[in-house]
Amino acid sequence: MHGVQAAGPSWFAQRPLADRMRIEVVERPVRRSGSLFRGGDYLRDADDLVGLIGTEPVHLVGSGYGALGCVVAAAGRPHRIQSLTLIEPTCIGVLAHPAIVTLCRRWRHERPQDLAQFAAGLCRLAGIPTATGFTAEHWGTIERLREYRPPWDTHLPLETIAQWGIPTQVYSGGHSPVLTAVAATVAADLGGEHIELVGREHALQTLGDLFNDRLRRHIEHTQHT
């Protein structure tokens, strides 16, 4: 499951893996009609995933915001999940640092309406320099994010996944101290492995073979244990 970026650009580098396994790319809706969070809602993403899981064991892979839906879906169907791979999950709420807690609380009650202020707030939450030069595509993504369910809006059932012992890898791209801390914390809470791959920031799966080889070994290992 992809994050804010569209499915095609998110997963094109994983096509070679289709020679060895069946890959199903889940398209998150661009708009969620009839929802308070029209841009995106990871709880409804999780519902979509649960509906697709069926009766066969699966390996869930989620990137960014899509990783949130994978976490919730895995906890909802833990007996069907053979492995879990989370790429730069935006589970900001797992951090207990006072600065992060304060920012999340303020964001909930004082969510900026001005797009530039909203972008500055996102940068602070993600630990990205506020001087980052955004392209027109970036601004379009930021505009959509204003209508997303915040990542810290509900409790993430990490303890359920840990109790079931689902083999988990959590990746970070080395570009954001906050997202690196999130990945390390989530991995520790799940009893999983934290891996850092640099070079593509938030979209590190587009590194291709460097990521694919690790993902393939992770999946194949769980199939033989």
Under a 3.5 Å cutoff, is there a donor and acceptor pairing between the side chains of Thr85 and His59? no

Rounded distance (nearest 0.5 Å) linking atom CG of Leu204 with atom CD1 of Ile87: 6.0 Å

Give, for atom CD1 of Ile195 and atom NE2 of His218, the distance between the pair rounded to the nearest 0.5 Å. 8.0 Å

Are any non-hydrogen side-chain atoms of Leu49 and Val72 less than 4.5 angstrom apart? no

Let me confirm one number: the CD1-NE2 distance from Ile166 to His79, rounded to the nearest 0.5 Å. 10.5 Å

If we check side chain to side chain donor-acceptor pair (under 3.5 Å) with Tyr42, which of these qualifies: Asp153, Thr154, Asp47? Thr154

Quick check: do Leu84 and Val61 have side-chain heavy atoms less than 4.5 Å from each other? no

Do the side chains of Val50 and Leu156 join up, straight or via other hydrophobic residues, at under 4.5 Å, putting them in one cluster? no

Which is it for Arg28 and Asp48 under the side-chain contact (heavy atoms from CB on, under 4.5 Å) test, yes or no, and what are the steps along the way? CA-CA 9 Å; Arg28 294 179 54 251; Asp48 292 344; over 6 Å; no

How many angstroms lie between atom OH of Tyr171 and atom CD of Glu193, to the nearest 0.5 angstrom? 7.0 Å

Student check: side-chain heavy atoms of Leu68 and Asp45 closer than 4.5 Å: no

Hydrophobic cluster membership, Val25 vs Phe12, 4.5 Å side-chain cutoff: no

Check: Ala13 main-chain N/O paired with Asn212 side-chain donor or acceptor under 3.5 Å: yes

Can you tell me how far apart SG (Cys91) and OH (Tyr65) are? Round to the nearest 0.5 Å. 11.0 Å

Check against side-chain contact (heavy atoms from CB on, under 4.5 Å), Val182 and Thr90: CA-CA 7 Å; Val182 167; Thr90 53; over 6 Å; no

For residues 196-203, please give each side-chain donor-acceptor pair under 3.5 Å, one per line with the distance, not counting sequence neighbours.
| unit_1 | atom_1 | unit_2 | atom_2 | d |
| --- | --- | --- | --- | --- |
| Arg200 | NH1 | Thr206 | O | 2.8 |
| Arg200 | NH1 | Thr206 | OG1 | 3.3 |
| His202 | ND1 | Glu88 | OE1 | 2.6 |

Taking only residues two or more places apart in sequence or in another chain, which ones pass salt bridge (charged side-chain N to carboxylate O under 4.0 Å, His left out) with Arg20? Glu220

Are Trp164 and Ile81 packed together at the side-chain level, in the sense that at least one heavy-atom pair is separated by less than 4.5 angstrom? no

